[in-house]
Amino acid sequence: MDVIDVIERLNQLRLERNMSVYRLAELSGINQSTLANTFSRGTLPSLMHLDLICQTLGVSLSQFFADDESPMQLTPDEIALITNYRKLPHAIKQSVADIVLQIPTLRN
């Protein structure tokens with residue numbers, strides 16, 4: 001996905017949700033001029049801003065970059081897990097990620 005595709009996809013999601021750039025800025029906490037530059041001048045947002053925009057638009061980064069258009073459906077347990085994970089301090093998040101990455105190598 002190149003810069004134009006990223007901005008077009010963001011704009012598509014924003015318009016599908018009938019959301020103005022001002023409202024997106026307000027809900028995401030990103031400066032309105034920063035978002036205006038993204039949409040009017042084609043300035044690629046930082047990864048941090050892209051993540052905030054995606055969260056505000058109700059999609060994950062993986063959904064944003066997915067090739068297929070079908071939304072990913074999460075179970076209530078998965079939603080709870082992600083919600084609780086996001087509340088953890090960074091060091092604990094890293095430890096959890098390390099453990100999860102080791103799961104495929106574990107043998108029963």
| task | Test side chain to side chain contact (heavy atoms under 4.5 Å, CB included) on Phe64 and Val6 and set out the steps. | result | CA-CA 9 Å; Phe64 180 81; Val6 168; 4.0 Å; yes
| request: Report the C-alpha separation of Val96 and Ile92 in whole Å, then their side-chain angles, then the decisive distance to 0.1 Å, and conclude whether the side chain to side chain contact (heavy atoms under 4.5 Å, CB included) test is met. | output: CA-CA 6 Å; Val96 169; Ile92 295 175; 4.3 Å; yes
| request: Run the numbers on Thr38 and Val21 for side chain to side chain contact (heavy atoms under 4.5 Å, CB included), then give the verdict. | output: CA-CA 10 Å; Thr38 295; Val21 173; over 6 Å; no
| message | Applying side chain to side chain contact (heavy atoms under 4.5 Å, CB included) to Phe65 and Leu50, what does each step give before you reach the verdict? | response | CA-CA 11 Å; Phe65 287 108; Leu50 182 59; 3.7 Å; yes
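For the residue pair Ser62 and Ser60, the shortest heavy atom distance occurs at OG-OG, 3.0 Å. For Arg9 against Gln63, the heavy-atom pair with the smallest separation is NH2-O, 3.7 Å. Between Gln32 and Ala25, the shortest heavy-atom contact is CA-CB, 3.7 Å. When all heavy atoms are compared, the tightest approach of Leu44 to Ile7 is N-CD1, 4.4 Å.
Here the CD atom belonging to Glu8 is positioned 11.5 Å from the CG atom belonging to Leu15, to the nearest 0.5 angstrom. With rounding to the nearest 0.5 Å, the separation of CG in Leu24 from CD1 in Ile53 is 6.0 Å. Atom NZ of Lys93 and atom CZ of Arg86 lie 8.0 Å apart (nearest 0.5 Å). Put simply, CG on Leu57 and CZ on Arg17 are 5.5 Å apart, with the number rounded to the nearest 0.5 Å. In this structure, Arg23 CZ and Ser28 OG are separated by 10.5 Å, a value rounded to the nearest 0.5 Å.
Counting only heavy atoms from C-beta outward, the side chains of Met19 and Leu27 approach each other to under 4.5 Å. Side-chain atoms of Asn84 and Leu88, non-hydrogen and from C-beta on, never get closer than 4.5 Å to each other. By the 4.5 Å heavy-atom criterion applied to side chains, Ser46 and Asp51 are not counted as neighbours. With contacts defined as side-chain heavy-atom distances shorter than 4.5 Å, the pair Tyr22/Leu35 does not qualify.
Side-chain contact, Asp98 with Gln102: no donor N or O sits under 3.5 Å from an acceptor N or O. A side-chain donor from one of Glu16 and Gln12 sits under 3.5 Å from a side-chain acceptor of the other.
Placement of Leu61 and Leu81 in two distinct hydrophobic clusters is found when ILVMFWY residues are connected by side-chain heavy-atom separations under 4.5 Å, directly or transitively. A continuous path of Ile, Leu, Val, Met, Phe, Trp and Tyr side chains, each step under 4.5 Å between heavy atoms, connects Leu47 with Leu13, placing both in one hydrophobic cluster.
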